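Presented below is the structure to which this report refers.
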Amino acid sequence: MTLVNFNNRTRNTAPYFNNVFDSLFSDAISKNKMVDKSPNVNIYENEHAYVIELAAPGLKKEDFQINLKKDTLSVWAEVKKDETQVAKDFTRKEFDYSSFARSFNLPDSADGDNITAEYKDGILSINVSKKDDAKLQHREIVVS
(Lines give C-alpha, C1' and ligand atoms only; values in the text may rest on other atoms or scores of the structure.)
Protein backbone atom coordinates (compact mmCIF):
# COMPACT_ATOMS: atom_id res chain seq x y z
CA MET A 1 0.00 0.00 0.00
CA THR A 2 1.36 3.41 -0.97
CA LEU A 3 0.50 6.60 0.88
CA VAL A 4 -0.08 9.61 -1.35
CA ASN A 5 0.10 13.20 -0.12
CA PHE A 6 -3.04 14.99 -1.31
CA ASN A 7 -3.01 18.79 -1.61
CA ASN A 8 -6.47 20.25 -2.27
CA ARG A 9 -5.39 23.89 -2.63
CA THR A 10 -6.00 25.88 -5.76
CA ARG A 11 -3.00 26.93 -7.81
CA ASN A 12 -3.97 30.63 -7.82
CA THR A 13 -3.61 31.04 -4.06
CA ALA A 14 -0.23 31.97 -2.70
CA PRO A 15 1.20 29.07 -0.67
CA TYR A 16 2.45 31.41 2.06
CA PHE A 17 -1.06 32.77 2.60
CA ASN A 18 -2.49 29.28 3.12
CA ASN A 19 0.37 28.26 5.40
CA VAL A 20 -0.28 31.26 7.66
CA PHE A 21 -3.94 30.35 8.13
CA ASP A 22 -3.21 26.65 8.47
CA SER A 23 -0.71 27.29 11.25
CA LEU A 24 -2.98 29.88 12.89
CA PHE A 25 -5.91 27.49 13.15
CA SER A 26 -3.87 24.41 14.02
CA ASP A 27 -2.02 26.31 16.77
CA ALA A 28 -5.29 27.65 18.19
CA ILE A 29 -6.80 24.19 18.26
CA SER A 30 -3.75 22.49 19.77
CA LYS A 31 -3.19 25.16 22.44
CA ASN A 32 -6.84 25.16 23.55
CA LYS A 33 -7.45 21.44 23.68
CA MET A 34 -8.51 21.69 27.30
CA VAL A 35 -11.05 24.47 26.76
CA ASP A 36 -14.56 23.23 27.57
CA LYS A 37 -13.23 19.76 28.28
CA SER A 38 -14.80 17.70 31.00
CA PRO A 39 -12.73 15.11 32.81
CA ASN A 40 -13.20 11.44 32.06
CA VAL A 41 -15.45 9.67 34.54
CA ASN A 42 -15.83 6.10 35.80
CA ILE A 43 -19.04 5.24 37.63
CA TYR A 44 -19.59 1.89 39.27
CA GLU A 45 -21.63 0.30 42.00
CA ASN A 46 -20.52 -2.01 44.76
CA GLU A 47 -22.44 -3.61 47.60
CA HIS A 48 -22.46 -0.54 49.86
CA ALA A 49 -22.10 2.50 47.60
CA TYR A 50 -22.05 4.15 44.20
CA VAL A 51 -18.55 5.33 43.28
CA ILE A 52 -17.79 8.20 40.90
CA GLU A 53 -14.16 8.66 39.82
CA LEU A 54 -13.08 11.77 37.91
CA ALA A 55 -9.65 11.98 36.25
CA ALA A 56 -8.43 15.49 37.09
CA PRO A 57 -4.63 15.50 37.32
CA GLY A 58 -2.68 18.61 38.27
CA LEU A 59 -5.27 19.99 40.66
CA LYS A 60 -5.36 20.28 44.44
CA LYS A 61 -8.19 19.14 46.66
CA GLU A 62 -8.94 22.80 47.46
CA ASP A 63 -9.76 23.42 43.78
CA PHE A 64 -12.87 21.19 43.87
CA GLN A 65 -16.38 22.09 44.94
CA ILE A 66 -19.01 19.39 45.38
CA ASN A 67 -22.70 20.15 45.94
CA LEU A 68 -25.82 18.07 46.38
CA LYS A 69 -29.12 19.69 45.46
CA LYS A 70 -32.10 17.35 45.68
CA ASP A 71 -30.96 14.32 43.69
CA THR A 72 -28.28 16.07 41.59
CA LEU A 73 -24.62 15.83 42.60
CA SER A 74 -22.53 18.61 41.02
CA VAL A 75 -18.74 18.68 40.86
CA TRP A 76 -16.72 21.60 39.58
CA ALA A 77 -13.17 22.86 39.74
CA GLU A 78 -11.62 26.19 38.94
CA VAL A 79 -7.92 26.94 38.64
CA LYS A 80 -6.41 30.37 38.09
CA LYS A 81 -2.69 30.87 37.58
CA ASP A 82 -0.82 34.14 37.30
CA GLU A 83 2.82 33.81 36.27
CA THR A 84 5.23 36.73 35.97
CA GLN A 85 8.77 36.50 34.68
CA VAL A 86 11.01 39.56 34.87
CA ALA A 87 14.36 39.72 33.13
CA LYS A 88 16.75 42.55 32.33
CA ASP A 89 15.11 43.67 29.08
CA PHE A 90 11.59 42.31 29.26
CA THR A 91 8.65 41.39 31.46
CA ARG A 92 6.40 38.48 30.60
CA LYS A 93 3.13 37.91 32.39
CA GLU A 94 0.81 35.03 31.61
CA PHE A 95 -2.62 34.22 32.91
CA ASP A 96 -4.08 30.75 32.82
CA TYR A 97 -7.64 29.85 33.69
CA SER A 98 -9.29 26.46 33.47
CA SER A 99 -12.48 25.04 34.85
CA PHE A 100 -14.94 22.21 34.42
CA ALA A 101 -18.32 21.18 35.79
CA ARG A 102 -20.09 17.83 35.83
CA SER A 103 -23.48 16.88 37.24
CA PHE A 104 -24.83 13.45 38.09
CA ASN A 105 -28.41 12.41 38.84
CA LEU A 106 -28.42 10.10 41.83
CA PRO A 107 -30.85 7.18 42.04
CA ASP A 108 -33.52 7.00 44.74
CA SER A 109 -31.49 4.36 46.55
CA ALA A 110 -28.59 6.82 47.18
CA ASP A 111 -28.13 8.17 50.69
CA GLY A 112 -27.54 11.90 50.23
CA ASP A 113 -26.55 12.31 53.87
CA ASN A 114 -23.59 9.96 53.56
CA ILE A 115 -21.30 11.18 50.76
CA THR A 116 -17.50 11.28 51.02
CA ALA A 117 -14.83 12.49 48.60
CA GLU A 118 -11.09 11.89 48.33
CA TYR A 119 -8.51 13.29 45.89
CA LYS A 120 -5.43 11.13 45.41
CA ASP A 121 -2.98 10.71 42.51
CA GLY A 122 -5.04 12.87 40.14
CA ILE A 123 -8.29 10.97 40.74
CA LEU A 124 -11.25 12.47 42.60
CA SER A 125 -13.26 9.60 44.13
CA ILE A 126 -16.75 10.32 45.39
CA ASN A 127 -18.50 7.60 47.39
CA VAL A 128 -22.27 7.87 47.66
CA SER A 129 -23.56 5.36 50.18
CA LYS A 130 -26.71 3.41 49.55
CA LYS A 131 -29.70 3.46 51.84
CA ASP A 132 -29.88 0.41 54.10
CA ASP A 133 -32.91 -1.04 52.35
CA ALA A 134 -31.25 -0.65 48.92
CA LYS A 135 -27.97 -2.44 49.68
CA LEU A 136 -27.38 -5.54 47.65
CA GLN A 137 -28.25 -8.62 49.60
CA HIS A 138 -26.43 -11.77 48.70
CA ARG A 139 -28.23 -15.00 49.33
CA GLU A 140 -28.45 -18.37 47.72
CA ILE A 141 -31.76 -19.50 46.36
CA VAL A 142 -32.41 -23.21 46.38
CA VAL A 143 -34.11 -24.68 43.36
CA SER A 144 -36.90 -27.08 44.34
Side-chain angles (χ1 to χ4, degrees), residues 1 3-10 13-143:
M1 176 181 218
L3 296 178
V4 178
N5 188 7
F6 179 73
N7 188 354
N8 196 19
R9 295 187 180 137
T10 60
T13 308
Y16 177 74
F17 185 74
N18 284 335
N19 289 340
V20 169
F21 280 102
D22 286 346
S23 67
L24 174 68
F25 291 122
S26 65
D27 288 349
I29 291 169
S30 65
K31 286 181 183 177
N32 293 322
K33 281 190 242 180
M34 297 303 289
V35 173
D36 296 330
K37 176 147 176 65
S38 296
N40 293 332
V41 175
N42 291 330
I43 301 174
Y44 61 91
E45 175 183 4
N46 60 31
E47 184 179 342
H48 302 288
Y50 300 101
V51 181
I52 302 170
E53 296 176 334
L54 285 91
L59 300 177
K60 298 178 286 196
K61 65 181 181 178
E62 296 83 21
D63 296 333
F64 294 100
Q65 293 181 347
I66 303 172
N67 259 349
L68 178 65
K69 186 175 185 178
K70 293 187 180 182
D71 63 344
T72 302
L73 181 73
S74 299
V75 179
W76 66 90
E78 184 177 73
V79 180
K80 295 178 185 177
K81 295 179 184 176
D82 184 3
E83 179 183 327
T84 303
Q85 180 182 9
V86 178
K88 184 177 180 181
D89 296 333
F90 70 92
T91 299
R92 180 182 70 129
K93 188 168 189 171
E94 292 188 17
F95 298 99
D96 187 19
Y97 176 81
S98 60
S99 67
F100 72 84
R102 293 290 302 256
S103 294
F104 307 95
N105 289 328
L106 299 179
D108 293 335
S109 58
D111 184 7
D113 294 329
N114 197 0
I115 299 175
T116 60
E118 177 185 26
Y119 183 67
K120 183 177 180 184
D121 297 332
I123 305 291
L124 175 66
S125 297
I126 303 170
N127 292 315
V128 181
S129 294
K130 293 181 181 179
K131 295 177 182 175
D132 288 333
D133 57 341
K135 291 184 180 174
L136 297 175
Q137 297 178 3
H138 180 74
R139 63 185 178 124
E140 186 175 334
I141 301 171
V142 178
V143 178

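As the structure is a prediction and not an experimental result, all values here were calculated from the model.
- For the pair I52 and L73, the minimum side-chain heavy-atom distance is below 4.5 Å.
- If you take NZ on K120 and NZ on K61, they are separated by 12.5 Å, rounding to the nearest 0.5 Å.
- For the atom pair N114 CG and D132 CG, the distance stands at 9.5 Å (nearest 0.5 Å).
- For A55 against P39, the heavy-atom pair with the smallest separation is O-CB, 3.0 Å.
- At a threshold of 4.5 Å between non-hydrogen side-chain atoms, the residues S125 and E53 count as touching.
- Scanning all heavy atoms of the two residues, the minimum distance from S74 to S103 falls at OG-OG, 3.3 Å.
- Looking only at side-chain heavy atoms (C-beta outward), F104 and V128 stay at 4.5 Å or farther from each other.
- Atom CG of D108 sits in a sparse spot, with 12 or fewer heavy atoms from other residues, nucleotides or ligands closer than 6.0 Å.
- Under the 4.5 Å side-chain criterion, counting only non-hydrogen atoms from C-beta, K130 is in contact with E45.
- L106 contributes atom CG, which lies 10.5 Å from atom CG of D111 (distance to the nearest 0.5 angstrom).
- Using a 4.5 Å cut-off on side-chain heavy atoms (C-beta onward), I126 and L54 make contact.
- Closest approach of L68 and D71 over heavy atoms only: CD1-C, 4.5 Å.
- Every ring-ring contact (aromatic ring centres under 6.0 Å, His included) that Y119 has, sequence neighbours left out, goes to F64.
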